[in-house]
Amino acid sequence: MAAASTPNPSTCNKLFVAAIDFGTTYSGYAFSAKSEWTKVQTNIWPSSNQMSSKTPTALLLKPDESFHSFGYDAEKAYAELAEEGEDEYKEFYYFHRFKMLLHNCKNLHRNICIDDMTRKRMEAHKVFTHSIKFLVNSLFERLKSAVPDITLDDIHFVVTVPAIWDDPSKQFMREAATAAGINANQLSIALEPEAASIYCQHIPTEVAMDGNSSFLRTAKQGTKYMIVDLGGGTADITVHLRSGEGVLDEVRPASGGPWGGKSVDDKFEGFLEEIFGKDLVEDLQHNYMEDYLDLFREFESKKRNIATVKTGKVHMKVPLALQTLAKKKIKKSLVEILKDSPYAESVHFANMKLHMSVDVFKDLFKYTIDGIVKHLKEVFKEKNVQDVETILMVGGFSECELVQKAIKNNFKDKKVIIPEDPGLAVLKGAVYYGHVPKTIGRRVARYTYGIQSWPEFDPSKHPEAKKVQIGTKFRCRDVFFKYVTKGELLTPGYQRSQIFQALKPDEACLECAIYVSDEENPVFVDDPSCRRLGTLRVPLPRVSAGCSLEIEETMIFGDTELEVQARDIYTNQQCEVSFDLLSNNVVQNGNG
């Protein structure tokens with residue numbers, strides 16, 4: 001499953017493919033030319049003490065909401081503003097680790113807002129757009145320095161998203177990317193674990209935790225394997241089948257949860273609040289920003305190296321502001337506060353440092369690791385996954401040895417493989433995906449998809465409460481008309497169509513609600529398992545009085561995004577369709 005001797009040539013019609021991996025904690029871009037598509041290049045971001053292929057997902061905006069900086073530059077600039085001791089920095093907007101909004105929000109809409117570090121509100125769309133635009137501009141400048149005549153039209157862009165994201169989240173990211181300057185027809189959305197899996201088709205070497213490095217080079221047709229993508233925000237788990245040379249089929253829908261590196265940071269913040277109180281920690285964050293950032297940078301450093309610490313203590317430098325606030329708010333020294341805390345025997349303060357037992361520090365990882373392991377155990381119970389023998393771990397958080405050991409210890413019968421550059425697997429794989437999107441042969445439907453329909457009322461199968469009169473006919477409202485069943489294997493571009501008669505052809509626009517369900521055979525769109533996904537709007541041509549109007553509605557499945565089309569049966573012309581997943585508008589009329 002590794003590098004094919006003669007890899008499939010790029011099918012992209014642009015000179016370059018560029019991928020943007022917009023992560024929860026870190027972001028970056030990579031690209032390759034159509035002529036040498038497997039030679040992927042990444043950017044190098046300079047930080048204070050190292051060079052990195054990714055930069056923090058941190059955005060700093062000026063008081064007028066215009067762009068100031070991104071990444072390491074934003075972190076440094078904001079810390080310097082806070083260090084100056086004036087309140088001027090509070091007029092700036094500083095956002096970091098905000099991508100999880102699209103995972104956590106249960107009612108995502110276009111105008112949703114997000115808080116910055118000092119609780120100032122701004123439209124999330126603007127925050128995402130500024131961030132992506134910076135990455136696009138940085139990428140373009142890099143390419144232009146090598147190819148002076150290049151234009152944005154010469155580049156096909158791929159933006160990565162977690163596979164567990166729903167359709168509205170993908171549309172939100174697409175709209176932010178187009179607002180950032182990427183033409184809609186030059187943009188693809190790649191699912192992160194899929195990109196990582198594609199990357200592993202082409203890398204020449206890999207490192208297995210058990211010393212056996214043969215899997216990626218020798219996996220045969222019919223081999224199943226699991227991809228565990230551990231990022232900064234989420235853990236994405238999917239299973240692929242190598243169905244042919246360079247072709248992968250999805251075995252089960254991607255699943256996962258908020259078990260990335262950020263969840264460990266959240267536990268550390270909760271640990272601080274347990275000792276010092278939530279008010280004090282918030283005071284540190286809002287009024288001593290530089291010290292707050294330094295404290296979490298210190299934690300990040302210790303977090304990365306914790307696996308090498310076997311016994312003794314973990315020593316963390318404590319900012320002076322924390323001591324000052326403790327005396328001011330709690331009227332005690334840090335030594336006294338810790339003695340009165342639940343950690344009196346395991347955490348101490350001396351010489352400007354917090355000295356934590358290794359067990360207490362590692363316990364901050366417990367929720368995250370337990371969540372990953374528990375979910376994997378549930379997945380391996382499924383019949384079509386029980387024969388999977390190999391776990392492929394990718395993502396920046398996969399490099400955490402505590403996570404690696406937990407997975408290895410809990411799944412001793414599995415071979416656990418860490419590919420070369422696991423933190424860049426998604427980014428580089430997304431470039432490959434842009435060149436050879438047909439690498440993914442089939443995907444599994446995550447939901448049952450359908451629309452609201454209004455068939456003629458049938459008393460033998462329709463409840464009386466659903467009976468409505470429209471014109472001279474009685475119809476049943478809220479019937480779920482199914483297009484695709486959850487778990488169905490779908491080839492990219494797979495179409496399902498149905499002809500409907502507009503119930504009110506005198507109106508200018510037909511609005512049709514599209515629904516999804518976690519059940520295979522929902523009956524009505526208001527069943528507990530159903531939820532409205534979005535609205536399909538079709539402009540209606542004018543027809544003579546008394547004439548019927550029939551519209552063929554087509555859903556296109558199997559790709560990373562759902563597409564829809566509509567056709568006027570009478571004229572055989574395609575209708576201009578608006579497919580909105582981010583609006584709160586209520587559908588007023590339906591189809592028959």
Side-chain angles (χ1 to χ4, degrees), residues 25 48-49 58 75-76 78-90 94 96-97 115-119 261-371 400 402:
T25 52
S48 57
N49 55 6
E75 283 191 340
K76 181 181 178 182
Y78 195 60
E80 289 176 349
L81 284 168
E83 187 179 10
E84 292 174 359
E86 302 293 335
D87 285 342
E88 180 186 2
Y89 82 93
K90 294 182 180 180
Y94 182 70
H96 76 147
R97 302 189 177 190
D115 290 340
D116 85 331
M117 286 285 284
T118 56
R119 297 180 179 175
K262 181 181 180 297
S263 65
V264 180
D265 297 344
D266 292 341
K267 288 297 178 183
F268 176 62
E269 186 161 7
F271 163 79
L272 294 174
E273 291 176 355
E274 188 176 1
I275 294 174
F276 303 108
K278 187 173 182 178
D279 289 345
L280 188 147
V281 175
E282 289 183 349
D283 199 343
L284 179 70
Q285 177 183 349
H286 298 143
N287 297 307
Y288 300 89
M289 181 59 65
E290 183 190 14
D291 297 280
Y292 179 84
L293 294 174
D294 283 344
L295 180 60
F296 274 81
R297 288 194 194 102
E298 177 79 358
F299 177 68
E300 181 69 22
S301 174
K302 301 301 179 183
K303 187 173 71 173
R304 288 174 177 270
N305 300 313
I306 186 57
T308 62
V309 182
K310 308 299 181 184
T311 59
K313 300 283 186 179
V314 176
H315 312 287
M316 288 186 58
K317 289 183 287 187
V318 175
L320 182 60
L322 185 61
Q323 302 173 60
T324 303
L325 283 173
K327 290 182 179 179
K328 178 182 176 182
K329 285 182 168 289
I330 307 178
K331 311 299 183 184
K332 293 180 181 179
S333 67
L334 292 192
V335 173
E336 294 171 321
I337 292 172
L338 287 168
K339 283 183 178 180
D340 295 336
S341 78
Y343 302 96
E345 300 299 322
S346 54
V347 183
H348 305 91
F349 176 75
N351 301 320
M352 300 295 293
K353 289 184 179 180
L354 209 60
H355 306 276
M356 306 169 57
S357 72
V358 172
D359 289 342
V360 167
F361 193 92
K362 289 184 177 180
D363 195 54
L364 299 173
F365 292 76
K366 188 177 187 314
Y367 165 81
T368 303
I369 292 175
D370 286 353
C400 175
L402 289 180

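Treat the numbers as computed from the prediction; the structure is a model and nothing was measured.
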To the nearest 0.5 Å, what is the distance between [atom1] on [X] and [atom2] on [Y]?
| X | Y | atom1 | atom2 | answer |
| --- | --- | --- | --- | --- |
| M352 | L334 | CE | CG | 8.5 Å |
| K331 | I337 | NZ | CD1 | 11.5 Å |
| E269 | L295 | CD | CG | 9.5 Å |
| F365 | K362 | CZ | NZ | 9.0 Å |
| L364 | D266 | CG | CG | 11.0 Å |
| L272 | L284 | CG | CG | 8.5 Å |

Quick check: do [X] and [Y] have side-chain heavy atoms less than 4.5 Å from each other?
| X | Y | value |
| --- | --- | --- |
| V314 | V360 | no |
| Y94 | L81 | no |
| L325 | F276 | no |
| L280 | L322 | yes |

Any Lys/Arg nitrogen of K303 or E300 sitting under 4.0 Å from an Asp/Glu carboxylate oxygen of the other? yes
Indicate yes or no: does D279 engage K329 in a salt bridge with an N to O separation below 4.0 Å.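 Salt bridge between D279 and K329, a charged N being under 4.0 Å from a carboxylate O: no.
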All side-chain contact (heavy atoms from CB on, under 4.5 Å) counterparts of D294, not counting sequence neighbours: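 Checked D294 against side-chain contact (heavy atoms from CB on, under 4.5 Å); matches are E290, R297.
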I'd like to check the side-chain contact (heavy atoms from CB on, under 4.5 Å) partners of T324; sequence neighbours left out, ordered by chain and number.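 Partners of T324 by the side-chain contact (heavy atoms from CB on, under 4.5 Å) criterion, ordered by chain and then number, come out as L320.
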Does A350 offer a backbone N or O that forms a donor-acceptor pair with the side chain of H355 under 3.5 Å? yes
Does F271 have its ring centroid less than 6.0 Å away from the ring centroid of F361? no
Aromatic centroids of F268 and F296 separated by under 6.0 Å: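 Yes: the rings meet the under 6.0 Å criterion.
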Shortest non-hydrogen separation from [X] to [Y] and the atoms involved:
| X | Y | answer |
| --- | --- | --- |
| E298 | H315 | OE2-O, 3.8 Å |
| Q323 | V318 | NE2-O, 4.1 Å |
| S346 | K313 | O-NZ, 3.4 Å |

Pick out which of T118, D116, N287 makes a side-chain hydrogen bond (donor to acceptor under 3.5 Å, both in side chains) with K90. N287
So which of M356, K317, M316 actually passes side chain to side chain contact (heavy atoms under 4.5 Å, CB included) with K302? M316
Mind running salt bridge (charged side-chain N to carboxylate O under 4.0 Å, His left out) on D340 and K332 for me, showing each step along the way? CA-CA 10 Å; D340 295 336; K332 293 180 181 179; 2.6 Å; yes
Step by step, would you call H96 with E75 a side chain to side chain contact (heavy atoms under 4.5 Å, CB included)? CA-CA 9 Å; H96 76 147; E75 283 191 340; 5.8 Å; no
